Amino acid sequence: MLTNIETPTRLFDRSVWLRRITVLLLVILALVIRFYDLDDLPLDFHSTRQMHSALMARGMYYQTRTDIPDWQKTASLQQWKAEGLIEPPIMESLTALGYQMVGRDDLRIPRVLSILFWMLGALPLYRLARGLISHNGAVFALAFYLILPYGAEASRAFQPDPLMVSCILWAVWAAWRWSSEPGWKWALVAGLLAGLAVLVKSVAAFFVAGAWAGLLLSTWGIKRILKSIPFYVAVILAALPFAGFTYYGLKISGEMAGQFSLRFFPNLWIDPVWYLRWNGEISSVVGFEWFLASLAGVFLMQKPSGRWMMFGLFAGYVAFSFTLPYHAMTHDYYQEPLIPVVALGAGAMIAAVISKLDGPRWLYSFAILGLLVFWVGIKAWDVRVTLKRNDYRGEPKLWQELGDKLGHDSHVLAITQDYGYRLEYWGWLTPQNWMNSGDFMVRELAGQQFDRAKLFQEQVEGKDYFLVTSFAEYDSQAEFKQMMDSTFPVLEHTDDYLIYDLKHPLPARSAPTETP
């Protein structure tokens, strides 16, 4: 075990002014890269999930306005309620409040909120790293958390995840304080912050519970925990908010009735491809090399409580991945809580390396700072290139045109981007969506069987038009495309969309007769 990680003789451990300036510059750069291209539309990162929240927030806001047509107020309410409940609409409600404050539905507001929440998470992360590793490790952990390209992009998204990550960090920091200062004060704080994290998004429970287990078992022991009344109160505070919300969503409003289906697929555990795809998600979010480095860093932490906390966090991550294996291999944003965990582990690894450097102090200090500046600069530039690559500001025009062309009250079946959310939001037309290939796959994975011809007949019944804007998806369903082409005429075909007339099907083709 390395015993000199905390010796204040090297780099940031030694120089207070260098540490403060570096932290300040990291925070400023993190804000700069996140506010770049701020006014682009929320279609750059998991647009389906972001547009889900955008529709909800607009529906909330429009119910407070008196200067819009009644049909838009009604439509926005219907769109909002049709989204149901996945998590408590905290981000959506805060966004609607922001809309009211500025007087319009400005999609930059939720982006700013997400950025600020992510940045607030940097404070408990830095405090944890300072207390459990060293100042050197804390600076590098902070740099990883703030400048990692995936984190920079994800922290701009209109989703609950940036808020969840921040709440997890605050909850873990409070649990660390509680483990070293037993009593009512930190038990209540830890319980309340854990309850908030789990309420924001339920998967936070895996990480919070893992951290609690690692910290409390390593510092108190099981007997002391079981005899602690503040512990039981903290557990109740952590569980009660989400339990109350779930009861409301299932038993009172009924809006969560379908939220627990198509989530649990234990059959994937024995599929080698699942492990490869899971690794692919880890690599795309934090980089597999950093993931391995962070695992090694767990064993290089000076304090046993830090090691056991990290064991708990990684155990929580593994438990989450096996509980929701389909999401672990397909939804990269479900990996976001892994970013601060890897940041802490990688920070411990780098701190250990720095503590073992030998030679002139000025030389290795210059080399380490140079590597930090180079890594931060390259990653910040990567974020800028990614954000500049695509410009979605022209999207609303197409969807407004389609909404006007088809009619806001028409009945439309569609294969479009984001399950029709763009058409709903900018075209004010709510379509019924034909399932894409991924939808069929996950349902077949759950054991459901489909007669696609029968499903086709059921879904086109009573519809006016069939709209295609996602041509790659449409082409991938060759059998369905053949049924459409042989049954209904094409009204209009452009580079952007394809419209079939479902009200006037083609004449049935009679079988050829034989000539004697």
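Please read these numbers as outputs of a predicted model, since none were measured by experiment. This chain uses plain numbering: 1 for the first residue, then up along the sequence.
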Should we count OH of Tyr247 as having more than 12 external heavy atoms under 6.0 Å? no
Go through the steps for Val286 and Phe144 under the test side chain to side chain contact (heavy atoms under 4.5 Å, CB included), then give the verdict. CA-CA 9 Å; Val286 296; Phe144 189 92; 4.3 Å; yes
Here the salt bridge (Lys or Arg N to Asp or Glu O under 4.0 Å) pairs for residues 229-249, sequence neighbours left out, are none
In Å and rounded to the nearest 0.5 Å, what is the CZ to CD1 distance from Phe207 to Ile168? 6.0 Å
Do other residues, nucleotides or ligands put more than 12 heavy atoms under 6.0 Å from Ile252 CD1? yes
Gap separating the CZ atom of Arg127 from the CG atom of Leu132, nearest 0.5 angstrom: 13.5 Å
Check: Ala346 main-chain N/O paired with Ser294 side-chain donor or acceptor under 3.5 Å: no
Closest approach of Met91 to Pro160 (non-hydrogen atoms, all atoms of both residues): CG-CA, 4.1 Å
State, yes or no, whether a side-chain contact exists between Tyr61 and Thr95 at a heavy-atom distance under 4.5 Å. no
Any side-chain to backbone donor/acceptor pair from Trp118 onto Arg156? Under 3.5 Å, distance only. no
If the condition is salt bridge (Lys or Arg N to Asp or Glu O under 4.0 Å), which residues does Arg65 pass it with, not counting sequence neighbours? Asp67
Of the non-hydrogen atoms in Ile33 and Ala152, which two are nearest, and what is the gap between them? CD1-CB, 4.0 Å
For Ala122 and Leu142, which heavy atoms make the closest approach, and how far apart are they? CB-CD1, 3.7 Å
Phe311 atom CZ: more than 12 heavy-atom contacts under 6.0 Å: yes
Can you see whether Gln335 engages Tyr317 through a side-chain donor-acceptor pair at a distance of less than 3.5 angstrom? yes
Any donor-acceptor pair under 3.5 Å linking the side chain of Asp332 with the backbone of Glu281? no
Lys/Arg N to Asp/Glu carboxylate O, Arg58 vs Glu83, below 4.0 Å: no
Is there a donor-acceptor contact under 3.5 Å linking the side chains of Ser53 and Gln159? no
Mind checking what makes salt bridge (Lys or Arg N to Asp or Glu O under 4.0 Å) contact with Glu181, not counting sequence neighbours? Arg177
side-chain hydrogen bond (donor to acceptor under 3.5 Å, both in side chains), that's the test. Do Ser76 and Gln63 meet it? Break it down for me. CA-CA 8 Å; Ser76 66; Gln63 304 318 301; 3.1 Å; yes
Please round to the nearest 0.5 Å and tell me the distance separating atom CD of Glu87 and atom CZ of Phe245. 7.5 Å
A side-chain contact here means heavy atoms from C-beta on lying under 4.5 Å apart; do Leu338 and Phe314 qualify? yes
Return the minimal non-hydrogen interatomic distance between Leu369 and Leu18, and the atom names on each side. CD1-CD2, 4.1 Å
Quick one: are Leu357 and Ile368 in side-chain contact, heavy atoms under 4.5 Å? yes
Is there a donor-acceptor pair closer than 3.5 Å between any side-chain N or O of Arg20 and the backbone N or O of Val16? no
Between Ser114 and Ala157, which heavy-atom pair has the shortest distance, and what is it? OG-O, 2.6 Å
Using salt bridge (Lys or Arg N to Asp or Glu O under 4.0 Å) as the criterion, list what pairs up with Arg277, not counting sequence neighbours. none
For residues 375-383, dump all side-chain donor-acceptor pairs below 3.5 Å to protein atoms at least two apart in sequence or in another chain.
none

Rounding to 0.5 Å, atoms OH (Tyr36) and CZ (Arg384) come to a distance of 4.0 Å
Side chain to side chain contact (heavy atoms under 4.5 Å, CB included) between Trp184 and Val233: does it pass, once the steps are laid out? CA-CA 9 Å; Trp184 281 103; Val233 174; 3.6 Å; yes
Does some side-chain heavy atom of Leu113 sit less than 4.5 Å from a side-chain heavy atom of Phe158? no
Enter the distance from Ile339:CD1 to Leu146:CG here, rounded to the nearest 0.5 Å. 11.0 Å
Walk me through whether Val165 and Tyr145 qualify under side chain to side chain contact (heavy atoms under 4.5 Å, CB included). CA-CA 11 Å; Val165 170; Tyr145 176 78; 4.2 Å; yes
What closest approach, in Å, do Met164 and Ala197 show between heavy atoms, and which atom pair accounts for it? CG-O, 4.4 Å
Taking C-beta and beyond as the side chain, do Phe45 and Ser155 meet within less than 4.5 Å on heavy atoms? no
Mind checking whether Phe320 and Thr323 have side chains closer than 4.5 Å, heavy atoms only? no
Among residues two or more places apart or on two chains, list those pairs meeting salt bridge (Lys or Arg N to Asp or Glu O under 4.0 Å) that have a residue in residues 104-126. Asp44-Arg111, Arg104-Asp106, Asp106-Arg108
Could you tell me whether the side chain of His52 reaches within less than 4.5 Å of the side chain of Ile86, counting heavy atoms only? yes
Does Phe322 offer a backbone N or O that forms a donor-acceptor pair with the side chain of Trp269 under 3.5 Å? yes
Trp173 ring center near Tyr126 ring center (under 6.0 Å): no
From CA spacing to verdict: side chain to side chain contact (heavy atoms under 4.5 Å, CB included), Leu128, Met309: CA-CA 11 Å; Leu128 278 168; Met309 182 194 79; 4.2 Å; yes
Using ring-ring contact (aromatic ring centres under 6.0 Å, His included) as the criterion, point out the one residue from Tyr334, Tyr333, Tyr421 that pairs with His46. Tyr333
Would the number of heavy atoms belonging to other residues, nucleotides or ligands and lying under 6.0 Å from CD1 of Ile270 be above 12? no
Under a 4.0 Å threshold between the charged nitrogen and the carboxylate oxygen, would Lys388 count as salt-bridged to Asp40? no
Side-chain touch Trp308/Leu216, heavy atoms, less than 4.5 angstrom: no
Atom CZ of Arg422 and atom OH of Tyr392: how far apart are they, to the nearest 0.5 Å? 7.0 Å
